[in-house]
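Protein chains get the first letters and strands the later ones, always in sequence-line order, with residue 1 at the start of each.
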Amino acid sequence: MRIEAVIRRIPRGKVSTYGAVARAAGLPRGARLVARVLQRGYGLPWQRVLGAGGEIKLRGDSAIEQRLRLEAEGVRFRGRKVDMKQCEFRFGPSVRKR
DNA sequence: AAGATGACGCCCG
DNA sequence: CCGGGCGCCATCT
């Protein structure tokens, strides 16, 4: 599954967004799909995937969990959001092997 | 089959 | 910065 593969590429200490992952996976309109895959939990680094702008889209305890885990990895927060400027991971040129 | 829902994203005011 | 509305997509009622 492309989505899964893409998510696994995000290195520790870095993050990405639902939309970015979707695009990298070749699903320009699949942000919500990415979210579903994560929730289903496959043993993916779910904490490294945020909403556009670096905002945590979870609620309640889960949101706290995520924030804690990210900070533990060294991800810097700017208020409610993650400092994407510095922590966003850029995927390689959609290397669609062809 | 139609409507509602949700870890989304983007545009407007 | 914040809220509201609309488009997207798969799943569940």
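Remark: F89(A) CZ to R48(A) CZ distance equals 10.5 Å, nearest 0.5 Å.
Between the side chain of Q66(A) and the backbone N or O of Q47(A), at least one donor-acceptor pair lies under 3.5 Å. One N or O on the side chain of K14(A) and one on the backbone of Q86(A) form a donor-acceptor pair closer than 3.5 Å.
R69(A) is listed as a side-chain neighbour of W46(A), based on a closest heavy-atom distance under 4.5 Å.
DNA chain C is contacted by R29(A), R32(A), L33(A), R36(A) of residues 29-58 of chain A, taking any non-hydrogen atom closer than 4.0 Å.
With rounding to whole Å, L27(A) atom CG is found 16 Å from dC8(B) atom P. Per the geometry, CZ belonging to R80(A) stands 12 Å off C1' belonging to dC2(C), to the nearest Å. Protein atom NZ of K81(A) is 19 Å distant from nucleotide atom P of dA7(B), rounded to whole Å. Rounded to an integer number of Å, the gap from CZ of R67(A) to C1' of dA7(B) is 17 Å.
Of all heavy-atom pairs spanning L50(A) and L70(A), the tightest one is CD2-CD1, 3.9 Å. When all heavy atoms of P45(A) and I7(A) are compared, the pair lying nearest together is CG-O, 3.7 Å.
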